[in-house]
Amino acid sequence: MSDNGRVSSPDPTTALHPRLPSPLQEIEDDRFARHGVRLLLKRDDLIHPRLIGNKWRKLVPNLSAAAGRSLLTFGGAYSNHLRATAAAGRLLGLSTVGVVRGQELADRPLNPSLARCAADGMRLHFVDRSTYRHKTDPATLATVLRAADAEGAYVVPEGGSNALAVRGCRELGAELRDRADVVAVACGTGGTLAGLAAGLAPDQRALGIPVLKGGFLGEEIRRLQESAFGGRRGHWDLDDRFHFGGYARTTPDLDAFADDFEDRHGLPVERLYVAKLLYGLVCLTEEGAFPRGTTLTAVITGSPLPA
Ligand SMILES: *Cc1c(COP(=O)(O)O)cnc(C)c1O
């Protein structure tokens with residue numbers, strides 16, 4: 001019981017038995033070894049079977065802050081963040097509302113990602129693209145909350161990146177202190193990189209591989225660090241060359257690379273983010289971006305949608 005007499009909601013960290021710190025694995029891969037680079041995988045995909053990877057680190061502080069209120073958040077039709085939020089809701093007995101980009105999706109059968117959200121009890125509310133684009137505008141947000149019958153809900157932004165989430169990801173960096181020279185991660189909103197960089201030691205560097213086209217992410221990461229920590233933290237930079245045309249875009253070359261990586265290492269490669277990260281790291285290594293003797297860690301932020 002909390003001091004105001006209400007039953008306090010369970011601390012999600014203990015209730016869900018996460019595997020933390022997540023495992024750190026060295027793998028043998030000649031494409032790195034011949035350049036004198038050691039490759040480690042930081043297996044955040046193993047933190048929890050349903051609340052996977054960086055979504056765990058970003059959501060848990062928000063679940064605590066929601067304190068039992070229903071959770072409303074935003075995502076596209078294939079959003080890993082929506083799936084993680086829905087799973088968290090089911091596991092913790094919180095009601096969740098997913099605001100989905102694309103009014104037209106309301107009239108179609110749900111794709112496997114949204115079907116999983118619905119199966120976990122998430123109420124889906126579809127909005128047109130213009131409304132979705134303006135969702136951070138207070139008047140638009142109020143209209144969406146009313147239309148979704150979710151006034152009073154705890155609102156988590158698209159991709160889950162707010163100050164609490166960024167502070168949650170600082171722990172990822174802290175787990176890797178003195179374990180690597182460079183820590184690389186795929187970026188959507190940049191919240192994970194913002195927190196990771198803040199948690200590393202001063203002689204370590206974080207490298208972000210954006211999966212979206214645009215080139216605006218650096219500014220966004222500075223803004224996220226400002227809101228979470230009051231200023232810029234750690235050493236980080238971005239390499240914008242590996243988005244393959246944008247979010248969820250792929251090429252036969254990238255698909256073949258990911259299939260081959262799975263065969264070589266027995267690692268199921270998540271395709272929206274992790275495949276682009278690993279591809280980028282092989283290219284950078286071949287270009288000589290990492291001096292011989294570098295220990296490079298790739299954060300495995302997620303795993304493929306289970307069949
Ligand atoms: C959401 C997600 C990311 C992106 O995280 P950001 O904090 O938005 O940059 C990276 N990898 C996977 C597998 C994800 O699901």
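Every number for a ligand or one of its atoms is a count from 1 in the order of the listing.
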### Message
So if I only count non-hydrogen atoms and take anything under 4.0 Å from ligand 1, which residues does that give, chain by chain?
### Response
Asn54, Lys55, Lys58, Asn80, Ser161, Ala186, Cys187, Gly188, Thr189, Gly190, Gly191, Thr192, Glu270, Tyr273, Thr301, Gly302
### Query
Has Lys276 got its NZ or CZ under 6.0 Å from the middle of the six-membered ring of Tyr279, at an angle within 45 degrees of the ring axis?
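No; the conditions do not both hold, so Lys276 does not lie above the ring face of Tyr279.
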### Task
Mark yes or no: Arg232 above the aromatic ring of Trp236, with NZ or CZ under 6.0 Å from the six-membered ring centre and no more than 45 degrees from the axis.
yes
### Query
Lys55 side chain to Arg83 main-chain N or O, any donor-acceptor pair under 3.5 Å?
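Side chain of Lys55 to backbone of Arg83, a donor-acceptor pair under 3.5 Å: no, none is there.
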### Task
May I ask you to decide if Thr285's main-chain N or O and Arg31's side chain share a donor-acceptor pair within less than 3.5 Å?
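Absent.
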### Task
Only counting residues at least two apart or in another chain, list the ones meeting side chain to side chain donor-acceptor pair (under 3.5 Å) with Asp178.
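Testing Asp178 for side chain to side chain donor-acceptor pair (under 3.5 Å), a comparison that skips the adjacent residues, returns none.
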### Query
Looking at CG of Asp128 and CZ of Arg101, how far apart are the two atoms once the value is rounded to the nearest 0.5 Å?
12.0 Å
